[in-house]
Amino acid sequence: MRTQVGIIGAGPAGLLLGQLLHRQGISNVILERRSAEYVLDRVRAGLIEQGTVDLLDQAGVGRRMHAEGLVHDGVELSFDGEHHRIDFKALVGKAVMVYGQTEITRDLMQARAAAGQETVYEAEDVQPLDISSARPSLTYRKDGVSYEIGCDFIIGCDGFHGVSRSTIPAEVLKTYERIYPFGWLGILVDRPPISPELIYAHSERGFALCTMRSATRSRLYVQCPLDDQVEDWSDDRFWSELALRLDPSDAARLVPGPSIEKSIAPLRSFVAEPMRFGRLFLAGDAAHIVPPTGAKGLNLAASDVFYLWRALSEHYETGAMAGLDAYSQTALKRVWLAERFSWWMTSILHTFPEASSFEQQLQKAELGYLVRSPAAMTALAENYVGLPY
Ligand SMILES: Cc1cc2nc3c(=O)[nH]c(=O)nc-3n(C[C@H](O)[C@H](O)[C@H](O)COP(=O)(O)OP(=O)(O)OC[C@H]3O[C@@H](n4cnc5c(N)ncnc54)[C@H](O)[C@@H]3O)c2cc1C
């Protein structure tokens, strides 16, 4: 078998790249370790930047997003008994869209199936081979049979635990990491959001976030210790703790209900450099992770895909390698800006168990300054809606 671009991973990065390349007439095959149902069941990101919205439109999968997605012109910050709105529209003239990662994945899977593009689900032991040569290939097993696909390029869109990143020789790959001393316990619940916009709450008991997936479905989070297990958190405990962390006027609007999903995600910042070795390119979580506070994970995957799509299109149109050669440097510039913002949002809004009283006072000063300074609010808004590609 032969294809122009071999893609590992059918998460949002792999599916979006595959769809954009297909529309450009560039053949591609996606190899995914899990089943399609498993991929669709993962509840993850829900907030997308305008750049991601535009890219989904260019991929021809924006119809349902525009019909069902919720446009948000701002967010609420709550702390010390006060509420402050950061008005993106007024500050930077842009907005964000609430539309679940599961829905984006579903739209992309349907478009791929309709176009007859090949995705191999439950592909076992996927391996990129000969990535330093001009003729790399992908091998895998399916139903006990071994296969090999010859490719011009291999794109590793296989997430943080994938195989691609480890294919880059250790002496070439440099990694940067910060592990935060807490996680996010999240529940999904069929209850309307308590507020039309997201509420980011800082309290002495820890951080909380009220977000949503639709007008009838809420996604709610509380910061929790790293060693907590989902079983430690009954629904009743979750609702009581959330109420204690919110402003009383917000807590009064909570309507507790049974969770339809509950999970704990550790928080991590991580970057691997370079994002390209030979004919292997990394995109999305395969190359970088951000804590979810700034809602940047999925959006960074989209901007990587944009740079790759542009570079591969240029290559297949003109034979030029310039865009591909510059990919790692170009993508990493935006990655580090999103890393900085996600780290900063995490630092100002969470309760750090080891923080000294001096650091706690600094955090208070930072939050107070943020909501009183138009310059500081503009900086938050500019990053939150997404920096330009
Ligand atoms: C629990 C959780 C909650 C999150 N919440 C948010 C949020 O609220 N907001 C936000 O912006 N971001 C959030 N994120 C981050 C966001 O979901 C990711 O940034 C986004 O999914 C990245 O897309 P991706 O395609 O790069 O990687 P993934 O979505 O991880 O997709 C990678 C795919 O590759 C497949 N794969 C892995 N290894 C192999 C292999 N060896 N062979 C073949 N296939 C393989 C995987 O099965 C998977 O389908 C969250 C992430 C997690 C884990």
Side-chain angles (χ1 to χ4, degrees), residues 6-18 29-49 52 96-102 104-105 108-109 119-128 138-142 154-167 183-188 198 200 209-213 219-221 230 261-270 272 275 281-305 308 331 335 338-339 341-342 345-346 384 386:
I7 299 173
I8 311 176
L15 287 168
L16 180 57
L17 181 64
V29 172
I30 302 182
L31 302 180
E32 164 61 50
R33 170 167 71 175
R34 304 288 194 171
S35 68
E37 298 71 39
Y38 182 97
V39 172
L40 270 176
D41 262 2
R42 287 187 304 218
V43 179
R44 289 183 168 183
L47 199 132
I48 51 179
E49 301 169 352
T52 308
V96 290
M97 166 93 85
V98 169
Y99 190 62
Q101 179 167 332
T102 41
I104 293 175
T105 307
L108 285 163
M109 278 182 176
T119 311
V120 182
Y121 286 99
E122 297 175 306
E124 293 169 60
D125 197 19
V126 175
Q127 293 292 338
L138 281 170
T139 56
Y140 66 100
R141 266 183 300 112
K142 168 90 179 168
I154 295 173
I155 317 295
C157 298
D158 47 352
F160 186 66
H161 300 288
V163 65
S164 307
R165 192 175 63 250
S166 58
T167 313
W184 276 19
L185 169 70
I187 67 164
L188 194 65
L198 275 66
Y200 284 83
L209 172 63
C210 298
T211 175
M212 64 208 69
R213 290 295 177 269
R219 180 78 165 150
L220 305 163
Y221 296 98
V230 170
E261 194 267 357
K262 192 188 287 172
S263 51
I264 293 181
L267 265 63
R268 179 198 304 267
S269 298
F270 175 87
M275 287 171 63
F281 297 76
L282 303 179
D285 280 16
H288 41 72
I289 297 286
V290 284
T293 328
K296 289 284 166 260
L298 175 60
N299 293 300
L300 267 190
S303 59
D304 291 349
V305 164
L308 272 174
V335 166
E339 290 285 346
F341 178 67
S342 303
M345 283 281 280
T346 305
Y384 199 94

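Every number for a ligand or one of its atoms is a count from 1 in the order of the listing. Everything quoted here is computed from the prediction, not taken from an experiment.
- The two residues Gly14 and Ile7 come nearest to each other via the heavy atoms CA-CG2, 3.7 Å.
- Near Ala295, meaning under 4.0 Å from one of its heavy atoms, ligand 1 places the atoms 11 (O).
- With distances taken over non-hydrogen atoms, the option nearest atom 26 (O) of ligand 1 out of Leu298, Ile289, Asp285 is Asp285.
- In this structure, CD on Gln127 lies 6.5 Å from OG1 on Thr167, to the nearest 0.5 angstrom.
- Closest to atom 25 (O) of ligand 1 among all protein heavy atoms lies Ala13 N, 2.9 Å.
- Close approach of ligand 1 to Gly162 is summarised as follows: ligand atoms under 4.0 Å from at least one heavy atom of the residue are 38 (N).
- At least one N/O-N/O distance between Arg42 and ligand 1 falls below 3.5 Å.
- Remark: ligand 1 and Val39 share no N or O pair separated by less than 3.5 Å (distance only, no angle test).
- Between Phe270 and Phe160, the angle of the ring planes goes over 60°, which puts this pair in the perpendicular group of the 30/60° scheme.
- Distance alone, capped at 3.5 Å, is enough to place a donor-acceptor pair between the Asn299 side chain and the Leu47 backbone.
- The backbone of Leu31, and not its side chain, has at least one atom closer than 4.0 Å to an atom of ligand 1 (non-hydrogen atoms only; backbone = N, CA, C, O).
- Summarising the geometry, atom CD1 belonging to Ile8 is positioned 5.0 Å from atom CG belonging to Leu138; distances are rounded to the nearest 0.5 Å.
- Each of the atoms 27 (O), 30 (O), 32 (C) of ligand 1 lies under 4.0 Å from some heavy atom of Gly159.
- Set against the non-hydrogen atoms of Val163, the atoms of ligand 1 under 4.0 Å away are 41 (N).
- Across all non-hydrogen atoms, the minimal contact from Ser263 to Glu261 is OG-OE2, 3.1 Å.
- Of all the atoms in ligand 1, the ones that sit under 4.0 Å from a non-hydrogen atom of Tyr221 are 8 (O).
- Within the 3.5 Å criterion, the main-chain N or O of Ala286 finds a donor-acceptor partner in the side chain of Arg165.
- The single protein non-hydrogen atom nearest to atom 35 (C) of ligand 1 is Glu32 OE1, 3.2 Å, given as residue, atom name and distance.
- Note: Arg219 CZ to Ile187 CD1 = 8.5 Å, rounded to the nearest 0.5 Å.
- Counting protein heavy atoms only, atom 10 (C) of ligand 1 is closest to Ala45 CB, 3.2 Å.
- The closest protein non-hydrogen atom to atom 1 (C) of ligand 1 is Ala265 CB, 3.9 Å.
- Summarising the geometry of Asp304 relative to Gly284, their closest heavy-atom pair is OD2-N, 2.8 Å, with the distance given to 0.1 Å.
- Residue Leu17 holds its CG atom at 7.5 Å from CD1 of Ile30, rounded to the nearest 0.5 Å.
- For ligand 1, none of its N or O atoms has an N or O atom of Arg34 under 3.5 Å away.
- Looking at Lys296 against ligand 1, only its backbone comes within 4.0 Å, counting heavy atoms.
- Looking at atom 37 (C) of ligand 1, its nearest protein heavy atom turns out to be Asp158 O, 3.0 Å.
- In this structure, Val163 and Arg33 have side chains that are not in contact, with every pair of non-hydrogen atoms separated by 4.5 Å or more.
- Here the straight-line distance linking atom CH2 of Trp184 with atom CG of Leu220 works out to 11.5 Å at 0.5 Å rounding.
- Closest protein heavy atom to atom 21 (O) of ligand 1: Gln101 NE2, 2.8 Å.
- Near Ile8, meaning under 4.0 Å from one of its heavy atoms, ligand 1 places the atoms 42 (N), 43 (C).
- Residue-to-ligand polar distances place Gly297 within reach of ligand 1: an N/O pair is separated by less than 3.5 Å.
- Those atoms of ligand 1 with a heavy atom of Gly284 less than 4.0 angstrom away are 26 (O).
- Atom 51 (C) of ligand 1 has its nearest heavy-atom neighbour, among Glu122, Arg44, Arg33, in Arg44.
- Considering only non-hydrogen protein atoms, atom 31 (O) of ligand 1 sits nearest to Gly11 CA, 3.5 Å.
- Contacts between Val126 and ligand 1, counted as non-hydrogen atom pairs separated by less than 4.0 Å, involve the side chain only.
- Taking the side chain to side chain contact (heavy atoms under 4.5 Å, CB included) definition, one finds that Ala338 meets it with Lys296, Leu300, sequence neighbours left out.
- The contact set between ligand 1 and Cys157, taken as ligand atoms under 4.0 Å from a residue heavy atom, comprises 32 (C), 33 (C), 34 (O).
- Between Arg42 atom CZ and Gln101 atom CD the span is 7.5 Å, to the nearest 0.5 Å.
- Nearest heavy atoms, Tyr121 versus Ala36: CD2-N, 3.5 Å.
- In this structure, Ala123 does not count as a contact residue of ligand 1, since none of its heavy atoms falls inside 4.0 Å of the ligand.
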